[in-house]
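Atom set for the values below is all heavy atoms of this structure, side chains included, hydrogens, waters and symmetry mates excluded. Every chain is numbered from 1, with letters handed out A, B, ... down the list of sequences. This structure is a prediction, so every number in the text was calculated from the model and none was measured.
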There are 2 protein chains.
Amino acid sequence: MKASPVKNEDEPKDKRLKGGDAQKLTMAEVAKYVGVSAMTVSRAFRQDASVSEETRKRIMEAVDALGYVLDLSAGSLSSRRSGFIAALVPSINNSNFSDTARGITDALENTGLQLLLGYTDYSAEKEEKLIEAMLRRRPEGIILTGGSHTDRARRMLDKAGIPVVETWELPEEPINHVVGFSNSEAMSLLVRTLASQGYRRFGYIGGTTARDTRGSQRRSGFLKTVEELGLGPGRAISFGVPPITMEQGGQAIVSLLERWPDTEVVLCVSDLSAFGAIMECKRRGMSVPGDIAIAGFGDYEISSICHPSITTINVDCYGIGRQAAARLLDALQGSGEATGDEITLTGYRVVLRESTDRSAQ
Amino acid sequence: MKASPVKNEDEPKDKRLKGGDAQKLTMAEVAKYVGVSAMTVSRAFRQDASVSEETRKRIMEAVDALGYVLDLSAGSLSSRRSGFIAALVPSINNSNFSDTARGITDALENTGLQLLLGYTDYSAEKEEKLIEAMLRRRPEGIILTGGSHTDRARRMLDKAGIPVVETWELPEEPINHVVGFSNSEAMSLLVRTLASQGYRRFGYIGGTTARDTRGSQRRSGFLKTVEELGLGPGRAISFGVPPITMEQGGQAIVSLLERWPDTEVVLCVSDLSAFGAIMECKRRGMSVPGDIAIAGFGDYEISSICHPSITTINVDCYGIGRQAAARLLDALQGSGEATGDEITLTGYRVVLRESTDRSAQ
DNA sequence: TTCCTGATTGTTATCGATATCATTCCTGCC
DNA sequence: GGCAGGAATGATATCGATAACAATCAGGAA
């Protein structure tokens, strides 16, 4: 085991960008350097393989000295395991979904699987493109948000032959596994809770299109429940393309109050629009909940911090991520097991805060 | 479940999930189906290649009919082009960084390159792991946030021989390209602007550790400038591990005002902590800016919406992303050109709002 | 001593696409 | 009519790792 590697002619050592002469550094070269076969180097890279400690140590030292970095694209071709799973969320700039992403990441720890994240901007077309882009890299599983996909996307997913998990809602026609809850029932629960406190004239603020299917479900849950409670037709304002922003929440409540000035309480598709609505009210000199009560959905950090704090629905975002990943791992391991296209329900609960506090009125 | 298959001599061919028989669908089979060679199918998948329109059409129909999805992991091995670039951000749940990610995505449109996003949780160790994980998939370039990396990370990046762009700050020892601005000077500008309005007793709220290097730079810019203006030693409170949350902003301002009750204006490491601080003040019956003025950094949406609206520094987050991607693309194309380890400065500006409005005091 | 067993390491054939070079078939020009 | 030149397509080697099987070796059982 001499220190000096090979006695090759003085090759041009440094000719590229900066330090790099790694561009052609391959496993075979590490092997030659150590004096073993490439296969042994390959084995040294995984814990389970049978390589003597002594050899592994020498190999790893060489890897370090040479600066070798494993090439997964080559490895996954021959092993037929890409080593990653894909997750698509509507937006990365949304703490609900990033909590879900964190749940996935955590559940994947020590599985040898990596998460690849994509965001769809609430667009089924973008989702389709992303699904294709992901599938081209052969993920071992895929996690989607919602159950609304283009036909082509469904076909591709079907063909792919990998486990699929739809999250955050309960699709009518699940592709495979589902981890989520009924947005409609969650909103319904919020309506009933507030109605039981004496509120009668309910308003709703949400986005204009059906692109955000969770938003649509919350709206229909609202309308249905208001009807069921005999509280007249619900007063719903549609404003803005999802994701509806804070600012749009503010604009929407102005429209709503112009049209129905005697509204007592307004539910919003998310805490962000609720926050915008509350701030707009304060700006106009109205008191919340004194003059009007406002509630949101999602229990974002802002809702517990802001003044008044915002009544909302807390969703187990992180748990959705963990469970979705767990279902995926189940499916990947027990391939011989029962197929188990199961539906995993996740929890939610009403969080009552200042923004709907009757005693403050 | 059927009787346990004790004798599984003849391996069941198709026993998998749903529709999938695609697992073994390969380019060669598409080719056979159409009656051409695999090479022609490969060519049909890119616009530049020379395939007759007639043939391409037939191939694409077959692709559609069979449900074939290109396998990039095979392709990138032989072409030595992985087709993606990596970007690492501290947090995905932060609109500043997600704006940067959007800038990158947009700039990459129609380049045939895809973005792979990773988040480091403001940890250099996680960053190192992520860099390694990314490099194993051989990205064609990599975009980092900040200039603080572990030694091993620097070595790996150096060896990798791909363009690297550091963003969001101006590192002392850039690896390669830089797209960013001086956080220290930006904060300094904010101090000077407020000082010119008559503020004298300045406080600062930021995180406890140096993990968030941008935060550290803002703090030092604050301290230096307060000193330079002869406004005594700056009053800085350290609170919480980055990213400092809204809630921590609220707790921090309480500590700060306990210690230095006569503070006139408090600058915060980000709008989120500024928001938390403002809400805490209101909760305690203090008026902002009446009793105390508060400013943030980053110009998040919340700052223009909330009441009072928050004075802050607007950063060109999206532009950072676009330019970083543009530098990367430059480097990838003109490989023979001048090396050009250049520094691209991006803009920022003070946005004065209600939270520091002297006339309201 | 001889054979067997298990741990360790090596050899060879892929994985599925693409680079590269070769081939075929036209079209047009002298 | 013969040939240059270009467009379309095919054949083969290869990218860099890993699966699968083979080989080697030490130590113990027979």
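Tested against Glu127(A), the residues Leu144(A), Asp121(A), Thr150(A) include a single side-chain contact (heavy atoms from CB on, under 4.5 Å) partner, Leu144(A).
Separating the CZ atom of Arg137(A) from the P atom of dC15(C) is a distance of 22 Å, rounded to the nearest angstrom. Arg56(B) has its CZ atom 12 Å from the C1' atom of dA8(D), to the nearest Å. Between the CG atom of Leu70(A) and the C1' atom of dG16(D) there is a distance of 10 Å, given to the nearest Å. As rounded to whole Å, 15 Å separates atom P of dA13(C) from atom CE of Met39(A). We find that CZ of Arg80(A) is positioned 9 Å from C1' of dG16(C), with the value rounded to whole Å. Atom P of nucleotide dA17(C) and atom CZ of Arg136(A) are separated by 11 Å, given to the nearest angstrom. Straight-line distance from the NZ atom of Lys32(A) to the P atom of dA17(D): 14 Å, rounded to whole Å. Met27(B) places its CE atom 11 Å from the P atom of dA19(C), with the value rounded to the nearest Å.
The residue Ser76(B) sits apart from the nucleic acid: no heavy atom pair falls under 4.0 Å. Residue Arg46(A) is classed as a sugar-phosphate contact, given heavy-atom separations below 4.0 Å to backbone atoms only. Thr40(A) comes within contact range of the sugar-phosphate backbone alone, with a heavy-atom separation under 4.0 Å but no base atom that close. Nucleic acid contact class of Ser79(A) (heavy atoms, under 4.0 Å, all strands): sugar-phosphate only. Contacts of Ser73(A) with the nucleic acid, taken as non-hydrogen atoms under 4.0 Å apart, are absent. Backbone-only engagement by Val36(A) is indicated by non-hydrogen atom pairs under 4.0 Å involving sugar-phosphate atoms exclusively.
Salt-bridge formation is not detected for the pair Asp151(B)/Arg154(B): no Lys NZ or Arg NE/NH1/NH2 atom is positioned less than 4.0 Å from an Asp or Glu carboxylate oxygen.
Side-chain proximity of Thr26(B) to dA17(C), dA8(D), dT8(C): nearest is dA17(C). Out of dT11(C), dG16(D), dG16(C), the shortest distance to the side chain of Ser37(A) is found at dT11(C).
When each of Ala74(B) and Val51(B) is assigned the nucleotide of DNA chain D with its nearest heavy atom, Val51(B) is the one assigned upstream, toward the 5' end. A residue-by-residue look at Arg43(B) and Leu77(B) shows that Leu77(B) has its nearest nucleotide of DNA chain C further toward the 5' end.
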Can Glu128(A) and His149(A) be said to form a side chain to side chain contact (heavy atoms under 4.5 Å, CB included), step by step?
-> CA-CA 7 Å; Glu128(A) 178 187 309; His149(A) 322 287; over 6 Å; no
Residues Lys24(A), Glu29(A); criterion salt bridge (charged side-chain N to carboxylate O under 4.0 Å, His left out); working and verdict = CA-CA 9 Å; Lys24(A) 32 194 62 179; Glu29(A) 288 169 66; over 6 Å; no
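In terms of phosphate contacts, Arg81(A) brings no side-chain nitrogen or oxygen within less than 4.0 Å of OP1 or OP2 of dA19(D). Contact between the side-chain N/O atoms of Thr55(B) and the OP1/OP2 oxygens of dT9(D) is found at a separation under 4.0 Å. Between Ser78(A) and dT18(D) there is no side-chain N or O to OP1 or OP2 distance below 4.0 Å.
Ser79(A) and Ser76(A) form no side-chain donor-acceptor contact under 3.5 Å, judged by distance and modelled atom types alone. Tyr119(A) and Thr105(B) share a donor-acceptor pair across their side chains, judged by distance under 3.5 Å alone.
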